[in-house]
Amino acid sequence: MKERIALVKKLAGLTDEESRAIADTGGLPPDVADRMIENVIGGITMPMGVAVNFRVNGKDYLVPMALEEPSVVAAASNAAKMARVKGGFAVTNTGPLMIGQIQVVNVPNPEEAKKSVLAKKDEIMKKANDQDPLLVSLGGGAKELNVKVLSTLKGPMVVAELVVNTGDAMGANAVNTMAEAVAPMVEELTGGKVFLRIISNLADRRLVRASATFEKHAIGGDEVVDGIVYAYAFADADPYRCATHNKGIMNGVVAVGIACGQDIRALEAGAHSYASRTGRYKPLTTWEKDNNGDLVGSLEMPMAVGLVGGASRTHPAAKAAIKILGVTKAIELAEVMAAVGLAQNFGALRALATEGIQRGHMRLHSRNVAVAAGASGKYIDLVAQRMVGERKVRMDRAKEILNELKEEE
Ligand code: NAD
């Protein structure tokens, strides 16, 4: 690692300070970092905050969230506080089922091939399960085999799909191993040629469903309820708005995911592909007014997370974050993340439907702007406070204020 950073430092013309900033791996021991990915030169640390007030399925949680964006942790905590008035979040899940796909091309008779594969279902699933006796002993393993014939740009394709209960694992390695192991059997039965053997991140058999009722007076009254319902209708009708609506949900989901060492690319891929499953891009949440005039929100999305494997077991900070959260099963982690996603969406919509997000956001962002403008030490807060007071949270103003403060001394 040292040699690599020295070389990169030279090639990129980094200063000592810049190369030290990268070489410092924070709470991640360098030898662990060096084994996690390739060509490691250091690390990048992000702040981890804890969101408070979360009650999920009657249990209280302190929720670690790691991200670079100000206001997200505050908004989640505030939303969770408002949800508590009516008991917090109720979340259910479909169980940890992931899908592994085996692609077969050049199949002489696709419909016959489909029948032949299905006729050997038990043998194929046994072969899959032979790959992972540990998972099977824990109640997981291949549970179903489905076959579909796709019409593609390159002609018909047969795709066999293994449905695997991955227990407390995210499951990509487990499922990919199974898909590769059964591929020769599928190839022989279809008479075609297998190419891809890989998990699908459209984890629509691994869903979480969260709901919460927000008492109208606790959130600002009838107008706020109506504003949020209108905001949802906007997202439902328009993909431009919907992308940002769902991004707000992922602010929460991904932040908990990063803190707990999850594969957040898999979470993002699952979320957005699920949002598009009808052929139109839709919100992952729904918002409506109930008979009492209160606001009811619900979220449904895939949540492929694990507590064995991946960084959740290797990164010391992720392990500690999971301990803070206090979850022992992957489905419990998934359920809390769903509650955070719903809370985050509520927080964003409430702000947007009332004063707009910028006031709160820029107040919290002001310290970042001050630092970017060159402030350090005591000047960070001084510059930030003055910008907030003037309602001018901008880099040019930060620089001016910084100069003024220094001249005053
Ligand atoms: P893994 O292989 O490290 O761990 C899973 C294994 O742990 C299981 O196969 C099982 O043998 C064992 N295990 C022990 N206790 C278990 C329990 N209680 N429940 C379930 N399994 C238990 O990891 P994984 O979860 O199979 O794979 C996750 C990794 O794969 C992530 O790092 C991800 O980034 C990566 N990955 C993702 C993709 C993708 O999403 N498309 C593709 C390839 C790799």
Side-chain angles (χ1 to χ4, degrees), residues 28 32-38 40 43 66 93-103 125-144 159-183 195-208 250 253-276 301-319 321-323 325-335 337:
L28 181 63
V32 178
D34 202 15
R35 280 188 216 107
M36 282 173 87
I37 62 165
E38 310 73 41
V40 173
N93 73 84
T94 58
L97 295 175
M98 297 297 283
I99 298 167
Q101 299 187 300
I102 299 126
Q103 175 206 29
M125 293 212 305
K126 183 181 177 309
K127 178 84 179 168
N129 283 329
D130 285 347
Q131 311 308 310
D132 205 334
L134 176 55
L135 182 62
V136 173
S137 75
L138 294 165
K143 301 291 180 190
E144 278 177 42
V159 177
E161 294 184 332
L162 273 176
V163 180
V164 183
N165 179 322
T166 63
D168 287 317
M170 181 267 174
N173 289 326
V175 170
N176 294 344
T177 304
M178 289 183 179
E180 289 190 8
V182 303
F195 276 100
L196 274 54
R197 298 144 297 165
I198 180 77
I199 196 165
S200 169
N201 290 110
L202 173 49
D204 64 356
R205 303 288 301 272
R206 196 177 196 170
L207 301 175
V208 277
M250 298 312 282
V253 171
V254 164
V256 183
I258 293 177
C260 296
Q262 301 303 310
D263 180 341
I264 56 164
R265 287 88 50 208
L267 292 171
E268 291 279 9
H272 298 291
S273 55
Y274 191 67
S276 313
M301 64 179 288
M303 199 69 85
V305 292
L307 292 177
V308 297
S312 66
R313 276 287 164 95
T314 48
H315 198 305
K319 283 201 286 188
I322 291 165
K323 191 168 174 183
L325 194 56
V327 295
T328 51
K329 304 293 288 174
I331 53 172
E332 190 184 359
L333 171 62
E335 289 184 341
M337 288 170 70

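Everything quoted here is computed from the prediction, not taken from an experiment. First listed ligand is number 1; within each ligand, the first listed atom is number 1. Along the sequence shown, residues are numbered consecutively beginning with 1.
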(message) Looking at Asn93 and Val208, would you say the former's side chain and the latter's main chain have a donor-acceptor pair under 3.5 Å?
(response) no

(request) Indicate yes or no for a side-chain donor-acceptor contact from Gln262 to the backbone of Cys260 under 3.5 Å, with no hydrogens or angles considered. (result) yes

(request) With Ile264 as reference, evaluate Val305, Ile258, Val253 under the side chain to side chain contact (heavy atoms under 4.5 Å, CB included) test and give the passing residue. (result) Ile258

(message) Apply side-chain contact (heavy atoms from CB on, under 4.5 Å) to residues Ile102 and Val182 and explain how you reach the verdict.
(response) CA-CA 9 Å; Ile102 299 126; Val182 303; 3.5 Å; yes

(message) Strictly under 4.0 angstrom, heavy-atom based: which residues surround ligand 1?
(response) Asp132, Leu134, Leu135, Leu138, Thr166, Gly167, Asp168, Ala169, Met170, Gly171, Ala172, Asn173, Ala174, Asn176, Ile199, Asn201, Asp263, Ala266, Val308, Gly309, Gly310

(message) More than 12 heavy atoms of other residues, nucleotides or ligands under 6.0 Å from NZ of Lys143: yes or no?
(response) yes

(message) Considering only residues two or more places apart or on different chains, which pairs with a residue in residues 128-139 satisfy side-chain hydrogen bond (donor to acceptor under 3.5 Å, both in side chains)?
(response) Lys126-Asp130

